[in-house]
Amino acid sequence: MEAEGLGWLLVPLHQLVSWGAAGAMVFGGVVPYIPQYRDIRRTQNAEGFSTYVCLVLLVANILRILFWFGRRFESPLLWQSVVMILTMLLMLKLCTEVRVANELNLKRRVFSASRWSSCGRVATPSRRPTSC
């Protein structure tokens, strides 16, 4: 009789735990990338981040989605793949933007440094630098 009386509490509690576990499965793989994303954005330096990891995770999650069409599995795993693909695309976008910006800044510095002659005069098209 007491077990029947607690049924009204156990069923919603079981559903709440199931939803919590599904949410943890879907978003748990993304959580480690949040501090990395923020750090890369703050420092504008993506040197420690491997884009090959993104490639491997993209391929694995795309294959998982394709496998889902042949043999259905739990929907939280499908949503986890979708969320991971979006996360990897965001990380690749950020890393590409940062690396391109850093390369452009480096090229500008090299270009502006090459305009100076050994004497410190500016080499312009109309005036050639003189040797000291």
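The figures here come from the full heavy-atom set of this structure, side chains too, leaving out hydrogens, waters and symmetry mates. Keep in mind the model is a prediction, meaning the values are calculated, not measured.
- For Arg71 and Trp68, the positive end is not near the middle of the six-membered ring at less than 6.0 Å and at most 45° from its axis.
- Shown here is Arg38, whose CZ atom has no more than 12 heavy atoms of other residues, nucleotides or ligands within 6.0 Å.
- Screening Leu66, Leu63, Asn61 for a side chain to side chain contact (heavy atoms under 4.5 Å, CB included) with Ser81, the sole residue that qualifies is Asn61.
- Between Met25 and Trp79 the shortest side-chain heavy-atom distance does not fall below 4.5 Å.
- At a threshold of 4.5 Å between side-chain heavy atoms, the hydrophobic network of Ile, Leu, Val, Met, Phe, Trp and Tyr places Leu89 and Leu94 in one connected group.
- Taking each heavy atom of Cys95 and Ile40 in turn, the nearest pair found is SG-CD1, 4.1 Å.
- Between the CG atom in Leu55 and the CG atom in Leu92 there is a gap of 8.5 Å [rounded to 0.5 Å].
- Atom CZ of Phe49 sits about 3.5 Å away from atom CE of Met91, to the nearest 0.5 Å.
- Under a hydrophobic clustering in which Ile, Leu, Val, Met, Phe, Trp and Tyr are joined whenever their side-chain heavy atoms come within less than 4.5 Å, directly or via other members, Val26 and Val31 fall into different clusters.
- Taking Arg41 as the reference, Tyr37 meet the side chain to side chain donor-acceptor pair (under 3.5 Å) condition, with sequence neighbours excluded.
- Hydrophobic clustering places Leu77 together with Met88 (ILVMFWY residues linked when any side-chain heavy atoms are closer than 4.5 Å, directly or through intermediates).
- Using a 4.5 Å cut-off on side-chain heavy atoms (C-beta onward), Leu86 and Leu90 make no contact.
- Grouping the Ile, Leu, Val, Met, Phe, Trp and Tyr side chains by contacts below 4.5 angstrom, directly or via other members, places Val30 apart from Val56.
- Side-chain contact between Leu57 and Thr87 is absent, with no heavy atoms from C-beta onward closer than 4.5 Å.
- Partners of Asp39 under the side chain to side chain donor-acceptor pair (under 3.5 Å) rule, at least two apart in sequence or in another chain, are Arg42.
- Remark: Leu78 CG to Phe69 CZ distance equals 7.5 Å, nearest 0.5 Å.
- Of the charged side-chain nitrogens involved, none lies within less than 4.0 Å of a carboxylate oxygen, so that Arg99 and Glu103 do not count as a salt-bridged pair.
- Residues Ile62 and Val83 share a single hydrophobic cluster, defined by chaining ILVMFWY side chains whose heavy atoms lie under 4.5 Å apart.
- Surrounding CD of Gln44 are more than 12 heavy atoms belonging to other residues, nucleotides or ligands, all under 6.0 Å away.
- Although no hydrogens or angles enter the test, the distance criterion places no donor-acceptor pair under 3.5 Å between the side chain of Asn102 and the main chain of Asn45.
- The local environment of CD in Glu97 is crowded, with over 12 non-hydrogen atoms from other residues, nucleotides or ligands closer than 6.0 Å.
- Around CZ of Phe73, the count of heavy atoms belonging to other residues, nucleotides or ligands within 6.0 Å exceeds 12.
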